[in-house]
Amino acid sequence: MSTDTVLMQALVYLLASVIAVPIAKRAGLGSVLGYLIAGAAIGPFALHLVGNQADVMRFAEFGVVILLFLIGLEVRPALLWSMRAAIFGLGAAQLIGIGLCIAAAAMALGLDWRHAAAIGAILAMSSTAIVLQTLDEKGLRRGAVGSAAFGVLLFQDLSVIPLLVLLPMLAVVPVVAVAGADGGLHGWWHALAVLAAVLAIVAGGRYLIGPIFRFIAATRLREIYTATALLLVIGVTALMQLVGMSPALGAFLAGVMLAENEFRRELEADIEPFRGLLLGLFFITVGASLDFGLLMRHPVLILALTLGLMAIKAVAMSGIARAFRMPWGDARTVGVALCQGGEFAFVLVGFVVGAGVLTSELGRMLNAVVAVSMVLTPLVFLLHERFGQGNAEVSTAAVPDAFDETADVIIAGFGRFGQIAGRLIAANGFRTSLLDVSVSQIELLRRFGRRIHYGDATRLDLLRAAGAEKARLLVIAIDDREKALELVETAKQYFPQLTILARAWDRRHAYELLDRGADVVERETFEGGLALGRIGLQRLGLRANQALRAANLFRRQDRRLFDELMPLRDDEDGFILASRQSQATLDQLLSAELQESVTSDRDRGWDTSSVAEEMRDAAE
Amino acid sequence: MKSFWPFGRRKRVIAKPRLAASGPSGGPVLERHNRRMLLILAHPALQRSRVNAALYAAVADMADDVTFHDLYESYADFSIDVEVEQQRLADHDLIILQFPMYWYATPALLKEWLDMVWLHGFAYGRSGTRLHGKTLLCAVTTGGEPEAYTPSGSNRFPIAEFLRPMEATAYLCGLAWAEPFIIHDTFQIDDAGIAIQAARYRKRLAELIAALPVTNSAPATATAA
């Protein structure tokens, strides 16, 4: 069955994703695996609903470019500079170390050293798309694991350029014309072109993009704004391809240049949907390009090679990360995350086969191994989460001396919210134990001389290490709603003596927290909003004391409402109805209070009108 | 147990009003009970107190007869719930105000409470009869020695003079004025002295409860607004 029209193709791809991804996600497999399965199902080697993947692949790789652009937007140049150790230290160590390991393994299998070297370089690459998507889904991208993995991936992207120059030199048979990416530019000219392109991106990002976007924004045409954003990314991609550089790297660079631009947030929001869809498409094409024919012919060989590759990469990467002083648990996670072959492998394989370094038979085999390893990554990650974490916990628990074990209060999440609560408590002489998962936050606070520990507070061993058995209070101020609920449950179950104070996202979350056993909840925006409203009243002409009392009344009514609606929280319709009615009562009450306050004082305590009236009556 | 004042399932502090579902008027409703004495404690820094804390502790086990109300714990932000407070006053026959004297007067929150709760139409005025027939006792501690409250002492006037505003309030609102319970010299008093005073306080409150006429034993309950 052949479906040639674009519409039919789109139909097949979308249908496959819409069916496979939610199921995979529900089953706890993650969206990446869902896309891969969908791809394999519709691919030419299974249902054959879609044909040759080469064209689609090229299109889908654009998803990786957009991903890198979006990441770049979040990385300010200063942050990039502070990550230099991760990029050039860990990254270089990974590429060289693992490249050598794989090359050695290849030689042990009887390959020529030149083949082995090329294979080592190619297979050392990991998949930016899969790794970042997986880490994102697991909530690990912003932690130590995330930044280490990101540094390594970035270095791999950087090294594609020199590899494109160096790999052809390994050719067994000299090839006269190297077809492809460098577009016929050679030597110095090539280097100059790359430099010029990079400079163009840097300068353009600095001086040109701002005015252009301001101009476009002034037209108030939403779709043109989106089109401009896309044009920017595609333009950078085209430029990079022209000079034979990794488009993903170019896009990343462009993103970094725009990270401090005032249009950053809008750019992000505009391009985000394209990223998701195109990345999904990318994963589908990887799934679809699985050559089941080759797999059928050499199932054992390919599976063995794949598992061997993943084992080497995971073990070696863990070792390297450990050598860079990461805790064992994190090092292992980084190793597992980076254990697959990358999308650049497909590019490089095509390139070196064209350059005569490898035979096309070997090339196909490599492609199959890389694709299978990509498919297996989410599964391996799941296994790691199920079984590998136990060991990781032991390793962290082995260094509990970093904590003040006699803390009175454990603050889980020392970000914008937890800091305020935690500082107030610490300033009054109570000992606090601080936990956070954001590395940059920890770094920042360390510079202010604050001791704060890295870790996911939902982990029992970490709580114990933080002193949960002897502490009196647990303040939960983590950003993740679900994790907060989980943490309440864990703490309630294992440390019943703890009084649990939790930051609630909103009313519903507050009820959920109370259901799980939190002792006190505070909606995170409530007091802030109230404070600002009070100042607003003052600026509108109310006396300070009047505004303060209005705010106090509002608070009291709202909290009463919260208590009253508590029994209705699970009954959606009843809840909405009741809260609407109560809201109306509250509004009425407040507006009556305020109405009155325009002409007289709203507090009856200082309202002398009734006394005056009575005295006048008496005088008559 | 310290209470963290937002909402949620916390253990109720003994003296806190229980808010049930709203009453017919939409206002809060207090629990029903048979206690006839309301002891209102107003101390802005109870954690530093010796005498007031000891007095409060000495009567803590009288919870069957006494509703305890720690004003600074309930309204640390001075945001007084007027309806709840009026209902609470109406529900009791004996009102005790226990406080240390500051600048010859009540602590600020107790004055605020009087301003906000003892309103025209509730406590005084033509229709303000809700406190009629109740009894008011002030239990006051002062740092000065008894001699300081004499014409030749540093405070010049007898302590009763400084309590005149309270006495006048009781008079205006139709409450009987009980002989104030005074403890002088709280800076000097030793632990044995405090114990004696605490026992005296306990005895005084018990006498007041015992002296209540039996006929008046049905306190106003939740339905009145």
Side-chain angles (χ1 to χ4, degrees), chain A residues 421 472-473 475 499-504 507 510-511 513-523 526-527 545 548-568 578 581-582 585-586 588-589 603-615 617-618, chain B residues 1-13 16-30 47 74-86 89 108-130 169 172-173 225:
Chain A
R472 290 158 60 194
L473 287 188
V475 176
T499 300
I500 302 172
L501 281 65
R503 156 208 194 177
R507 197 177 286 266
Y511 288 135
L513 287 163
L514 289 173
D515 275 342
R516 301 285 200 290
D519 295 282
V520 178
V521 294
E522 175 70 39
R523 282 163 289 157
F526 187 73
E527 287 295 335
N545 197 26
L548 170 71
R549 282 163 188 280
N552 285 345
L553 179 70
F554 187 96
R555 178 190 294 112
R556 193 189 306 140
Q557 296 289 355
D558 191 86
R559 292 198 193 284
R560 189 168 290 161
L561 188 67
F562 181 90
D563 283 339
E564 281 168 11
L565 292 183
M566 178 113 177
L568 290 172
Q581 282 168 350
S582 303
T585 322
L586 179 61
Q588 255 169 16
L589 187 69
D603 277 301
R604 286 197 290 142
W606 297 304
D607 178 4
T608 52
S609 57
S610 66
V611 189
E613 199 181 317
E614 192 175 316
M615 286 173 80
D617 285 356
Chain B
M1 173 185 178
K2 284 250 161 84
S3 81
F4 296 87
W5 71 282
F7 26 82
R9 304 174 193 153
R10 48 159 191 243
K11 289 201 179 112
R12 297 284 165 185
V13 173
K16 283 220 167 166
R18 177 158 308 152
L19 300 177
S22 57
S25 62
V29 174
L30 292 171
Q47 73 277 7
S74 299
Y75 301 118
D77 62 352
F78 274 54
S79 168
I80 293 166
D81 193 329
V82 178
E83 284 76 28
V84 167
E85 291 303 306
Q86 290 186 340
L89 281 171
L109 181 57
L110 186 55
K111 179 61 164 65
E112 177 89 359
W113 176 80
L114 282 165
D115 289 354
M116 304 308 297
V117 179
W118 292 45
L119 296 179
H120 180 250
F122 168 80
Y124 69 100
R126 208 177 287 142
S127 58
T129 57
R130 299 288 301 283
T169 302
L172 182 70
C173 301

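Fair warning: this is a prediction, and the values are worked out from it, not measured in the lab. In what follows, chains carry the letters A, B, and so on, assigned in the order in which the sequence lines appear, proteins first and then strands, with residues in each chain numbered from 1.
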At their closest point, which heavy atom of B:R126 faces which heavy atom of A:A618, and how far apart are they? NH2-N, 4.4 Å

What's the separation between atom CG in A:N545 and atom CZ in B:F78, rounded to the nearest 0.5 Å? 11.0 Å

CG (A:L553) and CG (B:D81) are apart, to the nearest 0.5 Å, by 9.0 Å

Run the side-chain contact (heavy atoms from CB on, under 4.5 Å) test on B:Y124 and A:V611 for me, step by step, so that the C-alpha distance in whole Å, both residues' side-chain angles and the decisive distance to 0.1 Å come before the verdict. CA-CA 9 Å; B:Y124 69 100; A:V611 189; 3.5 Å; yes

Cut-off 3.5 Å, side chains only: do B:S79 and A:R549 have a donor facing an acceptor? no

Against chain A, label B:L114 side chain, backbone, both or neither, depending on which of its atoms sit under 4.5 Å from a heavy atom there. neither

